[in-house]
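Note that the structure is predicted; figures quoted are calculated from it, not measured.
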Amino acid sequence: MPSATSKPASTPQALRVLFASPECAPLVKTGGLADVSAALPAALARLGVDVRLLLPGYRAVLAQLTERCVIAQFAAEAQLPAARLLQCQSDSGVPLYLLDCPEFYDRPGGPYQDESGSDWRDNALRFGLLSRAAALLGSAASPLAWRPQVLHCNEWHTALAPAYLHYGAEAPAATLLTIHNLAFQGLFEAELVAALGLPAASFAPDGVEYYGKLSFLKAGLQLADAISTVSPAYAREIQGEELGFGLQGLLSARKDRLYGILNGIDTDLWNPATDPLIATRYSAGTLAHKAGNKRALRARLGLADAPDVPLFAVVSRLTEQKGLDWLLEIAPRLLDLPAQLALLGGGDAALERGFAALARQHPRAMSTTIGFDEELAHLIEAGADAFLMPSRFEPCGMNQMYSQRYGTPPVVRATGGLADTVIDCAPAALADGSASGFVFHEASAQALFGAVARAADAWRERATWLALQRNGMARDFNWDASARRYVEIYAHLAAGSRLASA
Ligand code: ADP
Ligand code: GLC
């Protein structure tokens with residue numbers, strides 16, 4: 001691998017960065033990664049970074065972007081087919097490169113799974129192709145005149161790029177790999193190493209091998225020049241056994257190159273004063289108007305318009321990570337408080353069935369909407385009284401920040417980004433004006449119930465509740481500070497130097 005000095009010289013004002021991701025809102029979204037992939041590059045561009053985005057040309061994405069031109073071709077290699085690079089403009093004005101390979105991406109269903117929810121069987125090749133394209137664009141072999149100084153990879157789907165660069169690329173860009181969720185690692189059979197066009201020698205402990213398998217994420221964590229994750233707390237947690245998902249040893253060994261940078265939120269898209277997707281707009285000064293959203297939400301979901309009953313809500317992937325099995329367990333007690341519950345989400349079939357059954361039993365007090373619905377998500381943020389995120393682990397979490405901005409105090413477990421962004425409604429925090437939600441610690445249904453009951457009590461104390469709402473709405477979760485931190489890291493990487501990781 002050439003030394004850092006052979007990398008292009010950096011000019012901090014016009015750093016060239018290629019941001020590679022498997023999803024980006026509003027084009028293709030399954031979770032917070034899409035929100036980040038839209039808002040962070042836009043914030044970087046505002047700071048003067050010459051940032052461009054690389055995404056797979058999924059069928060659904062191509063259908064939304066009709067103005068595009070072919071700017072490069074990639075030859076087939078091993079079992080990776082030939083592909084084209086298309087250029088388009090994203091909503092934010094950030095230049096968007098789409099990797100067009102109909103054999104891999106022109107399909108119905110989601111980016112990772114088919115319509116029945118099973119992973120696409122060729123995901124290793126689909127995201128190997130994406131990783132390889134990112135690496136090619138970041139090396140002397142690039143078909144483009146524009147060459148990034150830094151390749152910013154996101155999640156396992158692009159984490160093989162540092163390996164492609166390491167094993168044989170000329171003049172490689174520096175690489176940063178951001179972990180959004182360590183639970184997803186891209187683990188495949190060893191035979192795929194050859195199919196992906198990687199040399200046999202890469203299948204080694206200091207390469208892409210992980211306990212006899214090929215791991216995209218391990219490869220990136222091993223070979224990227226720097227690693228980041230999406231909150232300071234999660235950066236610490238993943239170095240331990242409990243949340244390290246087997247990779248804690250490698251992560252601790254690289255801790256001087258591991259940065260925890262809190263995600264920001266798009267404060268234009270998520271703004272109750274201007275949100276076109278909600279029923280009545282409001283701000284901290286006009287919080288009374290929030291009630292119109294509660295009425296609209298209840299009407300839409302068929303919930304009783306009971307005046308003295310708080311409405312709790314969830315918008316989430318339904319997976320083990322999110323701790324919603326605890327919510328299912330305590331839901332009857334929550335409804336008895338009394339309180340109402342509105343859930344929007346999809347994923348685990350048993351959780352879907354459980355919440356749907358409960359809503360059938362209590363149609364006026366509980367509502368379950370299975371599916372993905374951006375508009376309803378906004379109305380829920382605006383119309384609910386409190387938002388629930390009892391996650392077992394949470395790298396960052398976006399909804400607790402959206403909730404605070406919408407005057408909908410979140411009830412969260414103290415983990416990862418939730419611990420970093422929500423301040424518990426304890427007397428001292430109420431007194432100093434920082435309290436913005438309810439935080440519980442123990443990983444159990446009982447602890448969740450304790451926090452929900454505290455929230456329901458606080459909701460009845462109007463002054464306390466108003467203080468919580470106003471404190472949350474005054475919090476500044478915009479991207480500026482975090483985007484500046486990324487620029488700092490890029491600049492050091494491009495110059496081949498090191499930055500303190502704290
Ligand atoms: P994760 O990425 O782990 O799913 P985050 O809290 O970071 O969790 O981000 C989730 C994002 O996806 C938020 O923008 C949330 O509103 C959105 N979301 C999740 N489930 C749904 C759904 N069923 N319908 C609409 N939006 C959803
Ligand atoms: C992942 C995490 C979530 C984080 C999001 C964006 O999906 O589960 O906590 O907010 O990525 O970084």
Side-chain angles (χ1 to χ4, degrees), residues 32 231 233 290 294 297 309-319 321-345 351 355 358 365-368 377 380-394 396-427 429-430 434-462 464-473 475 477:
S231 69
K290 190 178 186 313
K294 184 170 177 181
L297 181 60
V309 176
L311 172 55
F312 288 85
V314 175
V315 178
S316 183
R317 290 184 294 114
L318 301 182
T319 66
Q321 170 191 348
K322 302 292 180 179
L324 295 168
D325 48 325
W326 296 327
L327 179 61
L328 190 58
E329 194 179 324
I330 64 148
R333 287 163 73 199
L334 178 152
L335 299 180
D336 269 354
L337 279 169
Q340 294 177 335
L341 181 59
L343 178 136
L344 166 63
L351 286 173
F355 282 111
L358 208 63
M366 156 136 203
S367 148
T368 298
I380 287 177
E381 286 293 5
D385 291 304
F387 195 90
L388 302 176
M389 284 181 86
S391 306
R392 286 190 166 76
F393 67 94
E394 195 61 74
C396 179
M398 306 302 282
N399 276 121
Q400 81 283 6
M401 295 191 274
Y402 301 149
S403 305
Q404 288 172 79
R405 188 155 167 79
Y406 279 65
T408 307
V411 177
V412 305
R413 186 161 166 264
T415 182
L418 300 176
D420 282 339
T421 55
V422 183
I423 298 177
D424 184 60
C425 176
L430 263 180
S434 61
S436 64
F438 300 84
V439 182
F440 66 98
H441 291 262
E442 197 187 285
S444 72
Q446 186 51 35
L448 167 61
F449 183 72
V452 165
R454 274 204 299 139
D457 286 345
W459 181 79
R460 289 175 213 289
E461 293 167 27
R462 291 295 156 177
T464 305
W465 199 257
L466 202 59
L468 279 180
Q469 290 181 296
R470 292 212 170 118
N471 295 345
M473 293 179 93
R475 299 284 298 275
F477 291 119

Closest approach of [X] to [Y] (non-hydrogen atoms, all atoms of both residues):
{"X": "Asp385", "Y": "Pro310", "answer": "OD2-CA, 3.3 Å"}
{"X": "Ile380", "Y": "Leu344", "answer": "CD1-CB, 3.8 Å"}
{"X": "Leu297", "Y": "Gly383", "answer": "CD2-C, 3.9 Å"}
{"X": "Val411", "Y": "Ala451", "answer": "CG1-CB, 3.7 Å"}
{"X": "Cys396", "Y": "Met401", "answer": "SG-CE, 3.8 Å"}
{"X": "Pro409", "Y": "Gly437", "answer": "CB-CA, 4.3 Å"}

To the nearest 0.5 Å, tell me how far [X] [atom1] sits from [Y] [atom2].
{"X": "Ser367", "Y": "Leu341", "atom1": "OG", "atom2": "CG", "answer": "8.5 Å"}
{"X": "Ser231", "Y": "Leu418", "atom1": "OG", "atom2": "CG", "answer": "8.5 Å"}
{"X": "Tyr406", "Y": "Gln469", "atom1": "OH", "atom2": "CD", "answer": "14.5 Å"}
{"X": "Phe449", "Y": "Arg333", "atom1": "CZ", "atom2": "CZ", "answer": "4.5 Å"}
{"X": "Arg460", "Y": "Leu337", "atom1": "CZ", "atom2": "CG", "answer": "7.5 Å"}
{"X": "Asn399", "Y": "Leu388", "atom1": "CG", "atom2": "CG", "answer": "11.0 Å"}

With a 4.5 Å limit on heavy-atom distance, are the side chains of [X] and [Y] in contact?
{"X": "Glu381", "Y": "Ser403", "answer": "yes"}
{"X": "Arg392", "Y": "Trp326", "answer": "yes"}
{"X": "Phe355", "Y": "Val314", "answer": "no"}

Would Phe438 and Val452 count as a side chain to side chain contact (heavy atoms under 4.5 Å, CB included) if you check the C-alpha gap in whole Å, the side-chain angles of each, and the deciding distance to 0.1 Å?
-> CA-CA 8 Å; Phe438 300 84; Val452 165; over 6 Å; no

Determine whether a donor-acceptor pair (N or O, by modelled atom type, separation under 3.5 Å) exists between the side chain of [X] and the backbone of [Y].
{"X": "Arg317", "Y": "Lys322", "result": "no"}
{"X": "Gln404", "Y": "Gly472", "result": "no"}
{"X": "Glu394", "Y": "Pro390", "result": "no"}
{"X": "Ser436", "Y": "Asn471", "result": "no"}
{"X": "Arg413", "Y": "Phe440", "result": "no"}
{"X": "Thr464", "Y": "Ala458", "result": "no"}

List the steps, then state whether side chain to side chain contact (heavy atoms under 4.5 Å, CB included) holds for Thr408 with Lys290.
-> CA-CA 10 Å; Thr408 307; Lys290 190 178 186 313; 3.0 Å; yes

Mind running side chain to side chain contact (heavy atoms under 4.5 Å, CB included) on Leu327 and Leu334 for me, showing each step along the way?
-> CA-CA 9 Å; Leu327 179 61; Leu334 178 152; 4.1 Å; yes

